[in-house]
Amino acid sequence: MQVSSISSILKGTPESGQKVRVQGWIRTRRDSKAGLSFLAVHDGSCFDPIQVVVESSIEHYESQVLKLTTGCSVDIEGELKPSEGKGQSVEILASRLEVVGWVDDPETYPMSPKRHTFEYLREHAHLRPRTNVSGAVARVRNCLAHAIHRFFYEREFLYVHTPLITASDCEGAGELFRVSTLDMQNLPRNDKGAVDYSKDFFGEETFLTVSGQLNVESYCQSMSRVYTFGPTFRAENSNTSRHLAEFWMVEPEIAFADLSDCADLAEEMLKYVFKAVLEERADDMAFFAQRVDKEAISRLESIINASFVRVDYTDAIRILEECGEKFEFPVSWGIDMASEHERYLAEKHFKKPVIVMNYPKDIKAFYMRQNDDGKTVAAMDILAPGIGEIVGGSQREERLDRLDQRMDEMDIPKEHLDWYRDLRRYGTVPHGGFGLGFDRLVTYVTGMANIRDVIPFPRTPKNVAF
RNA sequence: UGGGAAUUAGCUUAGUGGUAGAGCGCCUGGCUGUUAACCAGGAGGUCCUCGGUUCGAGCCCGAGAUUCCCAGCCA
């Protein structure tokens, strides 16, 4: 007999009165000595489990059904019928129940049916998808990823698979993880005593990428509208609730575009995916609003229906200077804003996502386009309440002479970036894009407090156990 | 990487230098179309590790490990 997902059953297929078969795992078992057991069975297809009623007349009731505990896997057939109890509309009256896998020792089963701390769940990352919260996060994460691809596909963007291994170490986005096949116990040396990377796999030093942007720009210069969506790596010793050593980033790049076009794209994309998650994962979002963050749903609704605030860096600094708030780090034009400043703008002053534009050139990357004022570059950050920077983007410097000038000023070696400079030599166009921290997006949408709880197996300093 | 906090039963935790406590979970029994079920009973402890002070250390001191929070770096 064909297996139905619990999601499709709760949506009405098959209909009440028909035979159904489900496969899943026991969440809880409650017995009535009057001769019934109630099983909550889930299969991950939606937030809710389905209630299965098992009468004592079923085969192996005493020896098996009464021994079922949280986590056991089962294969059940029965009749779908309206529930006689409160709390669910339909339930399955079981006619056959097969225990596929038992739980060895119910007392020490780590996912016992009770509340667990997030720290505890992280230590059991392989079992935490069995919990309500991790399951809901997984479905929302999936929904967001799918919506992002859909958003770009509908707008004729090309999804480009940029490389994860790179020789460029000068993108200025942080410390890199080395990639090497050299024998660490016996490193080849050159005549100066330095490690001889010409003996390494690629014949030179290589690293895991910190961004796909430079590569995706190459495709942008032919395909017009492109994006990459993949893992990126930063070897920073960051110990915060919003940093990962391995995280996923969405990086669109558009040709014949300026900074304002980039900001428009980012805003449109965020609204699109917020709308998608509210429509497609209403069950999980209701759970987050109830148990994790009261504002989880209302926050997204209010953002969908309003424009993001756009403010020039120079004006943002003035707001901070004149607000009367005591900051740990003093505010003046030219500073790289600290968390407290970004939080003040997003959480207290504007109380919604803020797009800060046109930053001082000295605190931004070499590839960002210089503005005519000689002081700023066409860069933007989107600051989200509770998260901080969720998007960072810019219009890129499309003029080769200006790009070279910035590379010289910032001591960026050119030998690995001749190909990037070529893009300005042959049919250059104004273009730009942004990077969206996908895991930060999931954190923001769900209202979860820690980014380590929105990615299946978080990589942070001293943590690669799974 | 800096500053702070934490580590006691399967989990969450209380614990005042002198016999190790609770709630939940688990097991057993009772009760009930149950749904955070309820009632009664029971089992369950390397008090993070090493060293020190003390007649005596879960508690005081030192070192280490790990985790969390804040900050920095960023997405």
Side-chain angles (χ1 to χ4, degrees), chain A residues 27-41 48-55 66-67 69-71 81-88 91 93 103-124 131-132 171-175 210-213 231-251 266 291 327-329 336-340 342-343 363-365 381-384 387-393 434-444 449-453 455 460-463 465:
Chain A
R27 270 278 163 72
T28 58
R29 186 193 94 229
R30 294 175 297 277
D31 301 320
S32 160
K33 281 294 188 307
L36 293 173
S37 287
F38 299 95
L39 307 175
V41 178
D48 286 319
I50 190 156
Q51 172 156 292
V52 176
V53 180
V54 189
E55 295 179 327
L66 288 182
K67 298 273 192 313
T69 57
T70 303
K81 48 181 281 193
S83 179
E84 295 174 28
K86 293 171 185 166
Q88 59 281 318
E91 63 191 18
L93 179 60
V103 167
D104 276 354
D105 177 6
E107 185 184 358
T108 57
Y109 177 56
M111 296 297 114
S112 57
K114 65 187 296 290
R115 189 172 294 224
H116 298 290
T117 61
F118 288 115
E119 294 86 55
Y120 175 79
L121 293 177
R122 263 170 239 154
E123 289 167 8
H124 298 82
T131 63
N132 274 335
E171 287 157 34
E175 294 291 313
V210 295
S211 162
Q213 180 204 314
T232 47
F233 307 88
R234 308 267 168 98
E236 300 285 349
N237 190 7
S238 298
N239 294 286
T240 79
S241 57
R242 46 187 197 284
H243 287 85
L244 294 164
E246 176 182 289
F247 64 98
W248 288 68
M249 193 151 62
V250 181
E251 296 176 283
R291 292 293 186 85
F327 294 116
E328 186 187 346
F329 298 98
D336 203 354
M337 280 188 242
S339 289
E340 56 175 344
E342 298 183 341
R343 293 181 72 120
I363 59 171
K364 289 291 179 185
D381 284 352
I382 301 186
L383 313 177
I387 304 286
E389 187 179 342
I390 194 168
V391 166
F434 61 85
L436 166 79
F438 181 66
D439 313 276
R440 286 187 180 174
L441 177 71
V442 181
T443 307
Y444 181 69
N450 196 311
I451 200 167
R452 293 164 211 167
D453 301 320
I455 187 168
T460 52
K462 303 249 157 54
N463 183 2

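Residue numbers begin at 1 in each chain, while the letters A, B, ... track the order of the sequences. Just so it is clear, the structure is predicted and the values come from calculations on it, not from any experiment.
Candidate nucleotides B/U66, B/C73, B/A75 were compared by shortest atom distance to the side chain of A/K462, and B/U66 ranks first. Among B/U32, B/C74, B/C69, the nucleotide with an atom closest to any side-chain atom of A/S32 is B/U32. Here the nucleotide nearest the side chain of A/F247, chosen from B/C68, B/A75, B/G33, is B/A75. Of the candidates B/G33, B/G72, B/A75, B/G33 carries the atom nearest the A/V53 side chain, counting heavy atoms from C-beta on.
One cannot find a donor-acceptor pair under 3.5 Å joining the base of B/U66 and the side-chain atoms of A/E123. Side-chain atoms of A/R440 and base atoms of B/C74 include a donor and an acceptor less than 3.5 Å apart. Looking at A/S238, its side chain comes within 3.5 Å of the base of B/C73 through a donor and an acceptor atom. Remark: the A/Q51 side chain and the B/U34 base include a donor-acceptor N/O pair separated by less than 3.5 Å. At a cut-off of 3.5 angstrom, counting only N and O atoms as typed in the model, there is no donor on one side facing an acceptor on the other between the side-chain of A/H116 and the base of B/C11. Between the side chain of A/N239 and the base of B/U1, at least one donor-acceptor pair of N or O atoms lies under 3.5 Å. No hydrogens or angles were tested; on distance alone, nothing pairs the side chain of A/Q88 with the base of B/G33 as donor and acceptor under 3.5 Å.
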Please list, for nucleotides 25-28 of chain B, all pairs of protein and nucleotide N/O atoms separated by less than 3.5 Å.
unit_1, atom_1, unit_2, atom_2, d
B/G25, N2, A/E107, OE2, 2.8

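Regarding contacts with the backbone of B/C11, every side-chain N or O of A/T117 stays at 4.0 angstrom or more from both OP1 and OP2. Residue A/R30 has no polar side-chain atom (N or O) positioned under 4.0 Å from OP1 or OP2 of B/A36. Proximity of A/R122 to the phosphate of B/C68: a side-chain N or O atom is located under 4.0 Å from OP1 or OP2. In this structure, A/T240 does not reach the B/C70 phosphate: none of its side-chain N or O atoms is under 4.0 Å from OP1 or OP2. Side-chain nitrogen and oxygen atoms of A/R115 include none within less than 4.0 Å of the OP1 or OP2 phosphate oxygen of B/U13.
At the heavy-atom level, A/D31 lies under 4.0 Å from base atoms of the strands shown. Among the heavy atoms of the strands lying under 4.0 Å from A/G85 is at least one base atom, whether or not backbone atoms are also near. Using a 4.0 Å heavy-atom criterion, one finds that A/N463 contacts no nucleic acid atom at all. Among the atoms of the strands shown, none is found under 4.0 Å from any heavy atom of A/A40. Across all strands shown, A/L244 has heavy atoms under 4.0 Å from base atoms, whether or not it also approaches the sugar-phosphate. Contacts of A/R27 with the nucleic acid, taken as non-hydrogen atoms under 4.0 Å apart, are absent. Residue contacts for A/E55: at a heavy-atom cut-off of 4.0 Å it reaches no nucleic acid atom on any strand shown.
When rounded to the nearest whole Å, the span between CD1 of A/I390 and P of B/C74 equals 17 Å. Straight-line distance from the CG atom of A/L36 to the P atom of B/U34: 10 Å, rounded to whole Å. The CZ atom of A/R242 sits 10 Å away from the C1' atom of B/C73 (whole-angstrom rounding). The nearest whole Å value for the distance from the CG atom in A/N237 to the P atom in B/G3 is 14 Å. Rounded to whole angstrom, the span from the CZ atom of A/F233 across to the C1' atom of B/C73 amounts to 19 Å.
Using a 4.5 Å heavy-atom threshold, the side chains of A/M249 and A/Q213 count as separate. Under the 4.5 Å side-chain criterion, counting only non-hydrogen atoms from C-beta, A/Y109 is not in contact with A/T69. A/T443 has its side chain out of reach of A/R242: every pair of non-hydrogen atoms, C-beta onward, lies at least 4.5 Å apart.
Taking atom C1' on both B/U13 and B/G2, the two are 30 Å apart, rounded to the nearest angstrom. Using atom P as the reference point in both B/A14 and B/A5, the two lie 16 Å apart (nearest Å). Nucleotides B/A9 and B/C47 are separated by 9 Å at their P atoms, to the nearest Å. As rounded to the nearest Å, B/U46 and B/U53 have C1' atoms that lie 22 Å from one another. When the C1' atom is used for both B/C59 and B/G3, the distance is 26 Å, rounded to whole Å. Taking the P atoms as reference points, B/A22 lies 11 Å from B/G42, given to the whole Å. Look at the P atom in both B/G52 and B/G10: the space between them is 29 Å, to the nearest Å. As rounded to the nearest Å, B/A6 and B/C48 have C1' atoms that lie 11 Å from one another.
Between A/Y120 and A/H124, the angle of the ring planes lies from 30° to 60°, which puts this pair in the tilted group.
Side-chain atoms of A/T28 and A/R30 include a donor-acceptor pair closer than 3.5 Å.
In this structure, A/F438 does not count as stacked on the base of B/A75 under the 5.5 Å centre distance and 30° plane angle limits.
The neighbour count for A/D105 CG, taken as heavy atoms of other residues, nucleotides or ligands under 6.0 Å away, is above 12.
For RNA chain B, each stem of at least three Watson-Crick or G-U pairs (distances under 3.5 Å) is given as range with range: B:1-7 with B:65-71, B:10-13 with B:21-24, B:26-30 with B:38-42, B:48-52 with B:60-64.
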